[in-house]
Amino acid sequence: MPSITSHDAWFAGLKALGQDNFPKRCCNCGRVFENAADFFQQTQAIRPEITGLKAVYDEDDGPLVEVFRNCVCGSTLLVNCVSRRDDSTAGHSRRRLFDDLLGYLVRHGIERARARRELLLVASGERSEVLEIWYGQIAARGAKP
Ligand SMILES: [Zn+2]
């Protein structure tokens, strides 16, 4: 049985996917960043032309966002150095959530590769206009269980 059966649950899951990466901690100095805005305010791009954001799909941990920034302590910070071991429960639930969201889109006729790319975008804290359009279309047609 798919665990996401309603349109609202899917949208709530989508929002959760984009928000569950914080607070984060610098592995070097221990500074804690409460949210994405806090993090990007307090850290610096390694190079101005590079955002330092990279969405990846880890076979064990599911979707991850690798963010390379310079912390105020001067060390280069890879945000996902936040311990995966301690965080394994969160990692698994994030992966499941991602798979559920993906499955929901596929059941509604979205091509898997495209759906996955857009979900990774959202998982990295970006906005996906394509996903918002799909959301509207599925809502208009009525969600399938
Ligand atoms: Zn630091």
Side-chain angles (χ1 to χ4, degrees), residues 1-28 31-71 75-145:
M1 273 294 283
S3 60
I4 291 181
T5 53
S6 82
H7 203 47
D8 286 342
W10 182 82
F11 193 59
L14 183 66
K15 285 194 284 190
L17 189 69
Q19 286 167 1
D20 75 348
N21 283 326
F22 287 90
K24 289 185 179 301
R25 177 187 295 269
C26 170
C27 295
N28 186 48
R31 177 177 287 261
V32 174
F33 304 96
E34 293 300 330
N35 52 50
D38 193 28
F39 178 71
F40 281 95
Q41 252 169 32
Q42 295 199 54
T43 59
Q44 294 184 328
I46 293 165
R47 281 188 286 166
E49 72 273 22
I50 295 174
T51 64
L53 266 180
K54 186 183 165 206
V56 295
Y57 192 89
D58 185 281
E59 290 305 323
D60 293 324
D61 292 337
L64 296 172
V65 184
E66 292 183 345
V67 186
F68 295 92
R69 305 276 292 180
N70 282 336
C71 180
S75 76
T76 297
L77 193 57
L78 169 59
V79 167
N80 272 322
C81 69
V82 170
S83 170
R84 285 185 188 177
R85 247 169 310 161
D86 297 346
D87 214 34
S88 60
T89 307
H92 282 299
S93 65
R94 192 168 58 233
R95 181 188 186 179
R96 236 195 91 192
L97 177 61
F98 188 89
D99 289 343
D100 285 346
L101 292 169
L102 183 60
Y104 183 87
L105 286 174
V106 170
R107 284 202 304 282
H108 284 85
I110 310 292
E111 187 202 336
R112 179 171 289 270
R114 280 191 72 198
R116 188 168 136 158
R117 195 165 57 234
E118 296 300 324
L119 284 171
L120 280 172
L121 203 62
V122 172
S124 72
E126 304 278 318
R127 240 187 107 180
S128 165
E129 286 179 20
V130 178
L131 268 182
E132 287 169 18
I133 291 167
W134 289 341
Y135 177 74
Q137 287 172 344
I138 295 170
R141 285 200 307 254
K144 293 176 199 166

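Side-chain atoms are counted along with the backbone in the values below, which use heavy atoms only and exclude waters and symmetry mates.
Not counting sequence neighbours, the partners of R31 by the side-chain hydrogen bond (donor to acceptor under 3.5 Å, both in side chains) test are Q42. Remark: R114 pairs with E111, R117, V130, W134 by the side-chain contact (heavy atoms from CB on, under 4.5 Å) rule, at least two apart or across chains. With sequence neighbours left out, the side-chain contact (heavy atoms from CB on, under 4.5 Å) criterion links E129 to no other residue.
We find the CZ-CG distance between R116 and D99 to be 9.0 Å, quoted to the nearest 0.5 Å. Q137 contributes atom CD, which lies 6.5 Å from atom CD1 of I110 (distance to the nearest 0.5 angstrom).
Annotation for F98 and L119: closest pair CE1-CB, 3.4 Å, computed over non-hydrogen atoms.
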